[in-house]
Amino acid sequence: MPRGNQSHITEFLLMGLTTDPKQQVWLFSSFLAMYLVNVVGNSVIIAAIRRDAHLHTPMYFFLSNLSFMDICFTNVIVPRMLANMLSKSKKVPFAQCLTQMYFFVACAITDSFLLAAMAVDRYVAICNPLHYTTAMSPRRCLLLVMVSWVVSHLHSLTHTILMARLSFCGSNIIQHFFCDVQPLLTLSCSDTSVNELLAFTEGSLVIMSPFIFIIVSYVYITHAVLKIPSGGGRYKVFSTCGSHLTVVALYYGTAISVYIRPSSTYSVTKDRVVTVIYTVVIPMLNPFIYSLRNRDMKQALRKLTRITE
């Protein structure tokens with residue numbers, strides 16, 4: 001319930017997706033199922049890549065890191081959301097809310113950088129195959145992943161510090177299913193112009209920079225593929241990028257629609273639906289996207305199945 005004009009709010013109420021008890025029953029079942037599929041599916045992808053020596057390549061190194069990040073991403077959001085559905089109390093302490101926001105932003109940005117690293121890997125493999133071994137050496141791949149983590153956490157830390165400086169003295173009701181940046185800003189009774197400027201400028205930079213890398217990489221890839229004389233050859237080369245392009249389209253299509261726009265256009269209902277897609281649905285779909293159309297992954301999964309039998 002709102003707390004009137006108290007001096008400072010120490011806890012928030014996460015209202016979730018709905019307050020209707022009947023809807024919460026099937027929502028709980030649906031999100032629990034998606035959560036389990038996500039964790040199991042991405043764990044299987046990681047295990048299959050680690051077990052199969054043929055998959056110890058830069059592309060699958062990045063894929064295993066993306067799968068690990070998808071597990072972390074969902075663990076930041078879904079367990080708390082499921083607990084809220086079962087509990088009559090929707091309270092979340094201010095410190096826990098900031099912690100959830102910190103790890104959510106860090107995981108989301110790391111995902112973005114990993115997708116960019118995978119695009120660069122495909123660009124080098126297709127456009128400069130003779131230099132692929134040296135350009136995408138294990139040391140450089142590890143460095144790309146480490147830089148992704150460091151930049152993402154520094155970005156998230158900046159957001160969290162600025163959010164912690166704000167005062168919350170009005171309503172403590174968050175009309176969302178987790179502590180996201182924009183819903184918290186709407187509750188603050190402080191001047192949030194610095195936070196909004198950071199979200200729109202530096203936030204846009206860390207989201208759009210990897211996206212631009214991906215676009216540029218695929219422009220060069222498309223140009224190189226079109227030079228291949230046979231249609232079968234073009235299809236074979238470009239098919240290795242199909243899964244990655246699908247994930248990029250889903251991830252950036254939803255993320256940009258929520259974050260790369262003025263705060264005045266913020267819509268609680270619309271943003272909750274879109275946020276569900278990229279925080280829960282897309283991480284769940286990634287193992288299927290990368291395995292169903294990938295012959296090497298299918299073979300690795302068969303080998304892993306035989307080992308576990």
Using atom types as modelled and distance alone, determine if a side-chain donor or acceptor of S29 lies under 3.5 Å from a backbone N or O of V25.
-> yes
Does a side-chain heavy-atom distance below 4.5 Å link F113 with V147?
-> no
Decide side-chain contact (heavy atoms from CB on, under 4.5 Å) for K91 and L13; before the verdict, give the C-alpha distance in whole Å, the side-chain angles of both, and the deciding distance to 0.1 Å.
-> CA-CA 5 Å; K91 296 178 182 178; L13 298 181; 3.4 Å; yes
In terms of heavy-atom contacts, M118 and F62 come closest through CG-CB, 3.4 Å
Below 4.5 Å, heavy atoms only, C-beta onward: do S43 and I71 meet side chain to side chain?
-> yes
With hydrophobic residues grouped by side-chain heavy-atom distances under 4.5 Å, do I161 and I109 end up in a single group?
-> yes
Is there a donor-acceptor pair under 3.5 Å between the side chain of H56 and the backbone N or O of R50?
-> yes
On the 0 to 90° scale, with breaks at 30° and 60°, tag the W149-H153 ring pair as parallel, tilted or perpendicular.
-> parallel
Can you tell me if CZ on F213 sees more than 12 non-hydrogen neighbours from other groups inside 6.0 Å?
-> no
H223, NE2 atom: more than 12 neighbouring heavy atoms under 6.0 Å = no
Can you hop from L245 to L226 via hydrophobic side chains spaced under 4.5 Å?
-> no
Dump the intermediate steps for side-chain contact (heavy atoms from CB on, under 4.5 Å) on F177 and T275, then the final yes or no.
-> CA-CA 9 Å; F177 58 92; T275 306; 3.9 Å; yes
State, yes or no, whether a side-chain contact exists between L82 and F28 at a heavy-atom distance under 4.5 Å.
-> yes
Is there side-chain contact between F104 and C179, with at least one heavy-atom pair below 4.5 Å?
-> no
Would a 4.5 Å heavy-atom cut-off, applied to side chains only, mark L166 and L185 as touching?
-> yes
Side chain proximity check, F168 to M163, heavy atoms < 4.5 angstrom | yes
So does Y132 have more than 12 non-hydrogen atoms from other groups sitting under 6.0 Å from OH?
-> yes
Strictly under 6.0 Å, is that where the ring centroids of H244 and Y290 end up?
-> no
Could you tell me whether the side chain of S243 and the main chain of I289 form a donor-acceptor pair under 3.5 Å?
-> yes
Hey, which of N75, D70, T74 is the one that makes side-chain hydrogen bond (donor to acceptor under 3.5 Å, both in side chains) with N38?
-> T74
Stepwise, does the side-chain contact (heavy atoms from CB on, under 4.5 Å) test hold for Y102 with H159?
-> CA-CA 8 Å; Y102 172 85; H159 265 298; over 6 Å; no
Counting only N and O atoms by type, is there a donor-acceptor contact under 3.5 Å from the side chain of H155 to the main-chain atoms of V150?
-> no
Quick one: are V225 and C241 in side-chain contact, heavy atoms under 4.5 Å?
-> no
Are Y123 and Y218 close enough that their ring centers fall under 6.0 Å?
-> no
Any link between M208 and L154 through a network of hydrophobic side chains (Ile, Leu, Val, Met, Phe, Trp, Tyr) touching at under 4.5 Å?
-> no
Please confirm whether the backbone N or O of A108 pairs with a side-chain atom of Y251, one donor and one acceptor, at under 3.5 Å?
-> yes
Pairs under 3.5 angstrom only: tabulate donor-acceptor contacts from the side chains of residues 137-145 to other protein residues two or more places apart or in another chain.
{"unit_1": "S137", "atom_1": "OG", "unit_2": "R140", "atom_2": "N", "d": "3.4"}

Spell out, with a plain yes or no, whether C107 and C72 have SG atoms under 2.5 Å apart.
-> no
Between N42 and P283, is there a donor-acceptor pair closer than 3.5 Å when you use the side chain of the first and the backbone of the second?
-> yes
Donor-acceptor contact present, side-chain D191 to main-chain S193, <3.5 Å | yes
Is it the case that one hydrophobic cluster holds both L198 and L184, taking links as side-chain heavy atoms less than 4.5 Å apart, direct or via other members?
-> no
When you look at V276 and F31, which way does the side-chain contact (heavy atoms from CB on, under 4.5 Å) test go after all the steps?
-> CA-CA 10 Å; V276 164; F31 280 100; 3.8 Å; yes
So do the side chains of D111 and Y278 get within less than 4.5 Å of each other, counting heavy atoms only?
-> no
Examine distances only and state if a side-chain atom of S190 and a backbone atom of S167 form a donor-acceptor pair shorter than 3.5 Å.
-> yes
Between L162 and V206, is there a shared hydrophobic cluster once you connect ILVMFWY residues whose side-chain heavy atoms come closer than 4.5 Å?
-> no
Return yes if some donor-acceptor pair links the side-chain N/O of S209 with the main-chain N/O of L205 below 3.5 Å, else return no.
-> yes
Examine distances only and state if a side-chain atom of T134 and a backbone atom of H131 form a donor-acceptor pair shorter than 3.5 Å.
-> yes
